[in-house]
Amino acid sequence: MEKIAVFPGSFDPFTVGHESIVLRGLKLFDKIVVAVGQNTSKNNLFSFDQRMRMLQDIFQDEPRVEIVTFEGLTVDFCKKINAKFILRGLRTSADFEFERAIGQVNKMLNNELETVFLLTSTNHTPITSTIVREIIKNEGDVSQLVPTALDIKKYLKE
Ligand code: ADP
């Protein structure tokens, strides 16, 4: 059976840290579904449509990565597409505490589902979408923080 992992997040914007998790995940799974959540209470910098297009740009040459959108619970979305794994990145102990609770409750909601955590690469540990947004808002250069295939300036001009 095809091993499908869902990589959920808000990706506002997608960073080199996220990209690294997806690329490393491709060594473990047959397919990674990058799922952009719509039900976030976060204050977004990039519109939902822009984030979807950015991801399509980044993974246009990777047929094993699918970009989708979802609403509602991640566990329900996984069931719908028959994914048995949720992929998450772990940067810090704060990430761990947050992810532990979500992962354990997701397991209670669907015992068939496993959350797989990859430790972030050391050089990506300090990179967060929040910091990238702050740099962008202050007109700084984020080119080394976002994937090379992402022309972020193009999106900022829209
Ligand atoms: P969320 O809305 O769930 O916080 P994010 O877009 O911030 O979504 O992150 C999605 C996933 O990517 C999470 O598992 C997060 O831990 C992981 N992640 C975020 N930044 C990095 C990074 N720099 N290195 C590795 N993983 C990361």
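Indexing begins at 1, ligand by ligand and atom by atom, following the structure's order. These numbers come from a predicted model, not from an experiment. As a basis for the values below, the full set of heavy atoms in this structure was taken, side chains included, without hydrogen atoms, waters or symmetry mates.
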Heavy-atom nearest neighbour of atom 10 (C) of ligand 1 within options Ser129, Gly89, Pro8: Pro8
Would you mind running through ligand 1 and noting each atom that sits below 4.0 Å from a heavy atom of Ile21? 25 (C), 26 (N)
Is it the case that ligand 1 has an N or O less than 3.5 angstrom from some N or O of Thr128? no
Ligand-residue contact atoms, ligand 1 with Thr120, heavy atoms, under 4.0 Å: 22 (C), 24 (N), 25 (C)
For Arg88, take its heavy atoms, then give the atoms of ligand 1 lying under 4.0 Å from any of them. 3 (O), 10 (C), 11 (C), 13 (C), 14 (O)
Drop me the distance from Ile32's CD1 to Phe7's CZ, to the nearest 0.5 angstrom. 8.5 Å
May I ask you to list the atoms of ligand 1 that are less than 4.0 angstrom from any heavy atom of Gly17? 22 (C), 23 (N), 24 (N), 25 (C)
Could you tell me which atoms of ligand 1, counted from 1 in the order shown, lie closer than 4.0 angstrom to a heavy atom of Phe7? 11 (C), 12 (O)
What are the atoms of ligand 1, with element, lying closer than 4.0 Å to any heavy atom of Phe11? 6 (O), 10 (C)
For the 3.5 Å polar cut-off, considering only N or O atoms, please tell me whether Arg91 and ligand 1 meet it. yes
Which Ile, Leu, Val, Met, Phe, Trp or Tyr residues join Ile102 in one cluster when any pair of side-chain heavy atoms under 4.5 Å counts as a link? Phe98
Just jot down the ligand 1 atoms closer than 4.0 angstrom to any heavy atom of Ser10, in number order. 1 (P), 2 (O), 6 (O), 8 (O)
Less than 3.5 Å apart, any donor N or O on the side chain of Lys84 or Asn82 sitting next to an acceptor on the other? yes
Restricting to non-hydrogen atoms, name the atom on Thr69 and the atom on Phe77 that form the minimum distance, rounded to 0.1 Å. O-CE1, 4.4 Å
Say whether Ser47 and Asp49, considering side chains only, have a donor N or O and an acceptor N or O under 3.5 Å apart. no
For Pro13 and Arg133, work out which heavy atoms get closest and say how close. CD-CG, 4.0 Å
If I apply the N/O under 3.5 Å rule, does His124 come out as touching ligand 1? yes
